[in-house]
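In each ligand, atom 1 is the first atom listed, and ligand 1 is the first ligand listed.
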Amino acid sequence: MKKAFIVGHPIKHSRSPLIHGYWLKRYGIEGSYERIDVEPVNFGNFLQIFHEQGFVGGNVTIPHKEAAFSRIVSRTERAERLGAINTLWVENGVVRGDNTDVLGFMANLDLSLGTGWEQDVDTALVLGAGGGARGIVAGLQERPLRRILVANRTLSKAQDLVRSLEARGAAILEPLAWEDLDRALPDAQLIVNTTSLGMAGQPSLQLDLARAPARAIVSDIVYVPLKTPLLAAAEEQGLRIVDGLGMLLHQAVPGFERWFGLRPEVTPELRALIVADLGAGR
Ligand code: ATR
């Protein structure tokens, strides 16, 4: 039996075990995927012993993604670019690390909007400058956009993010002061929130979406609640919306394939299962 894990701290609320559990059952694979709570001081040790404990690999989540990056030497090019690792597996006795968050975000945009959606987008506006924003900017850089604006409350972090990624793609990357957000909206055909604003228990993100272009796409990587106040306001305005759950579901695909040897499908039934669980507020 193959065993995989998700390691984080805290880890109780992770929905990943539900996702992988659904696929294991659906494909009749004898395997398991369990939550493991590891405090930051013990994370290095965990990386050294998980294979001996019978695990084939697993996911890494908050707050360990950057620590995994600095401790795992065998990394994919994508992980290298993002400076963070969320998926581990063992190859010829060596622990390897990848980052599938970006793949998840981009696959979800493509499936929700239809391929070629970039044709309507000249400028993308990314809100936030943490690890989530970094992944999304890197993903958008692989697409034919002319300009990507990065707005953050702490402007210096947006400037750092732009500086570290700008050499990698053709799009113009520009940091934007938080106060200038509303002024940039008329130019932004794609708006992505990666900040914690709008998450359950946090203040909501105040944006004057009436200023956004008529066909703008608004996306949020927050998925609790599934329809954040930002997405609700965008929908009311008649804009296209893409919620954060799709990203969570799609980032899980490459890990499952590596550990269990079969590429799983993100089905409406799987999505409904997670939506029901989120609704139950567990
Ligand atoms: P992650 O790595 O998951 O993206 P993070 O590094 O904690 O998480 O980043 C959280 C983001 O939410 C940051 O961009 C943060 O802005 P700062 O860099 O200025 O801290 C943003 N954020 C959190 N609370 C905010 C608030 N009240 N107003 C605006 N932005 C906020």
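In this structure a side-chain-to-backbone donor-acceptor pair under 3.5 Å is missing from Arg240 to Leu113. A donor-acceptor pair is defined here as one N or O able to donate and one able to accept, closer than 3.5 Å; such a pair exists between the side chain of Gln141 and the backbone of Leu165. Under the 3.5 Å distance criterion, the side-chain polar atoms of Ser219 are matched with a main-chain donor or acceptor of Val242.
Side-chain contact of Thr76 with Asn99: a donor-acceptor pair under 3.5 Å is absent, judged by distance alone.
Sorted by chain and number, the residues within 4.0 Å of ligand 1 by heavy atom are Gly128, Ala129, Gly130, Gly131, Gly132, Asn152, Arg153, Thr154, Lys157, Trp178, Thr195, Ser196, Leu197.
Look at Arg134 and Asp101 and you find no salt bridge, because none of the NZ, NE, NH1 or NH2 atoms lies under 4.0 Å from a carboxylate O.
In this pair, Tyr33 and His20 present their aromatic rings parallel. The plane angle is below 30°, not in the 30 to 60° band.
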